[in-house]
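Report on the following structure.
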Amino acid sequence: MNYTHLNLYDYFYNLVKQIPEGCITTYGELARALGDIRAARAVGYMLSINQDPDKIPCYKVVHTDRRMGKYALGMDEKEKRLRKDGIRISNGIVENFRERFFSDFKTDYPLKKLQDEQENIASMANFRDGIDEDNFSAIDVSYDGRRGYGALISYNRGEYSIINIEMEVDFPYIPGYLGYRETPFVEKLADGVDGVLLIDANGLLHPRKCGLATFAGVVMDRATIGVAKSLLMGKLDDNGYIIYNNEKLGYAINRHTIVSPGNKISLESSIRKIKLLGKGKYPYILKQAHNETVAMRKRRLPS
DNA sequence: GCGACAG
DNA sequence: ATCTTGTCGC
């Protein structure tokens, strides 16, 4: 199963280049041009790692409430560049915000298209048991800017083994779109390793029923279980289940161990498996995978 | 004004 | 996730 490989960084920086001379826009407006207001923080993040502030004019992006916002080259520099464009600033507030506000981006709202794709992928997930659960692997990824460090720790046929990889990412973290960021790691790490994949994320417990565990599970036609450390959405009922729109989508083993099925496994089996593995706590194998990715990243940091 | 917001 | 340029809703 294939899916859209979109370089959201490139797409985004091209949107920023569209802001006309003498105009400003907001983080939120750029997020809407991407297709989802929930990308607003990712907009700030992508601007913060902008490698070319002269060609990609991120100084033109300000807060919705007219505050100037931050700038990697310093607030004074942002104010200076804005003033040069005729933007009036007083006490860090944009005075002529209204007449200089630009929102007419030429865009095809890529995140909306990805949402449609997620719904389609979700419709292909199945939650029937049948896969051998005795062999399993845990996957996690750490980041340093656009560089990602992924690790897989597997317990197969009584033996532990570890695989790690390093790749550049072309998609930032945006709540609801983790599949597009991390599926490439899952595919590469789990290729040739059999058994159930435990993924540090949600599966069914997702606004479009397509968290990373489901997304990657369907793409790879593999059994996956999502084990998140915090609640993305929904409410806990009296029995520990997580309910969203009157549907049971997940289960909280504890406050920091949120289980939802990804693909080719039921919610009940997912709960049983993770409860057993972690003895009611966050499974150690997932913690190990996380520790490994952090170690990889620190090893690579400039010495 | 404070929390939500997978990683 | 890292230590970092947000927004909305209660």
Side-chain angles (χ1 to χ4, degrees), chain A residues 12-13 16 24-32 34 36-50 53 56-75 77-79 81-82 92 94 118 139-151 169 171-186 199-216 224-235 242 244 249-250 252 255-260 262 282 286 289-291 293-294 296-298 301:
Chain A
F12 171 74
Y13 291 134
V16 178
I24 49 94
T25 193
T26 64
Y27 301 97
E29 203 54 39
L30 278 162
R32 285 190 192 92
L34 286 173
D36 193 335
I37 184 62
R38 297 187 78 186
R41 281 198 303 186
V43 164
Y45 180 69
M46 290 189 284
L47 293 173
S48 78
I49 61 169
N50 173 16
I56 301 159
C58 53
Y59 70 93
K60 295 176 179 173
V61 185
V62 302
H63 283 284
T64 299
D65 63 7
R66 302 181 172 208
R67 282 178 300 127
M68 255 197 330
K70 300 183 186 175
Y71 197 54
L73 305 179
M75 294 294 288
E77 182 64 18
K78 186 164 184 173
E79 185 164 333
R81 291 187 184 205
L82 285 168
V94 177
Q118 286 178 321
I139 293 177
D140 195 26
V141 185
S142 287
Y143 295 92
D144 173 23
R146 290 182 65 168
R147 182 164 294 257
Y149 304 86
V169 291
F171 207 100
Y173 171 70
I174 304 170
Y177 302 85
L178 186 57
Y180 290 97
R181 179 166 168 85
E182 291 195 359
T183 295
F185 289 89
V186 179
I199 302 179
D200 184 18
N202 290 304
L204 179 63
L205 182 59
H206 180 274
R208 294 168 289 282
K209 300 186 177 183
C210 197
L212 168 62
T214 297
F215 192 99
T224 57
I225 300 173
V227 187
K229 286 189 287 293
S230 69
L231 200 53
L232 169 64
M233 52 170 234
K235 285 188 174 176
I242 296 150
Y244 185 75
L249 300 183
R255 221 181 141 65
H256 301 290
T257 312
I258 314 291
V259 176
S260 63
Y282 188 80
L286 275 159
H290 176 74
N291 290 346
T293 63
V294 172
M296 288 171 70
R297 176 164 52 78
K298 297 205 164 158
L301 250 35

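Below, all heavy atoms of this structure are taken into account, side chains as well, without hydrogens, waters or symmetry copies. A, B, ... follow the sequence lines: proteins, then strands. Residue 1 opens every chain.
When heavy atoms are screened at a 4.0 angstrom cut-off, Arg67(A) is found touching no nucleic acid atom at all. Within the nucleic acid shown, Leu178(A) comes within 4.0 Å of at least one base atom, counting heavy atoms only. Counting any heavy atom pair closer than 4.0 Å across all strands shown, Ala31(A) reaches no nucleic acid atom. Across all strands, Asp200(A) comes closer than 4.0 Å only to sugar-phosphate atoms, never to a base (heavy-atom distances). In this structure, Tyr27(A) reaches the bases: a heavy-atom distance under 4.0 Å links it to at least one base atom across the strands shown. Within 4.0 Å of Leu212(A), counting heavy atoms only, lies at least one base atom of the nucleic acid. Residue contacts for Tyr177(A): at a heavy-atom cut-off of 4.0 Å it reaches a base atom on one of the strands shown. Across all strands shown, Gly28(A) has heavy atoms under 4.0 Å from sugar-phosphate atoms exclusively, and none from any base. As judged by a 4.0 angstrom heavy-atom cut-off over every strand, Ala201(A) is placed among the base-contacting residues. Arg38(A) comes within 4.0 angstrom of the backbone, heavy atoms only, and of no base. Base engagement by Gly176(A) is indicated by at least one non-hydrogen atom pair under 4.0 Å involving a base atom.
Arg67(A) and Asp65(A) are joined by a salt bridge, as a carboxylate oxygen and a charged side-chain nitrogen come within less than 4.0 angstrom of each other.
Across all strands shown, nothing is found opposite dT5(C) as a Watson-Crick or G-U wobble partner with both distances under 3.5 Å.
Screening Val62(A), Thr64(A), Val43(A) for a side-chain contact (heavy atoms from CB on, under 4.5 Å) with Tyr27(A), the sole residue that qualifies is Val43(A).
OP1 and OP2 of dG6(C) both lie 4.0 Å or more from every side-chain N or O belonging to Thr26(A). Checking the phosphate oxygens (OP1, OP2) of dA1(C), a side-chain nitrogen or oxygen of His290(A) falls inside 4.0 Å. Between Thr64(A) and the phosphate of dT7(C), there is a side-chain N or O to OP1/OP2 separation shorter than 4.0 Å. Contact annotation: His63(A) side-chain N/O to dT5(C) OP1/OP2 distance is not under 4.0 Å.
Tyr149(A) has its side chain within reach of Asp144(A): a pair of non-hydrogen atoms, C-beta onward, lies under 4.5 Å apart.
In terms of modelled atom types and a separation under 3.5 Å, the side chain of Arg181(A) and the main chain of Ile174(A) share no donor-acceptor contact.
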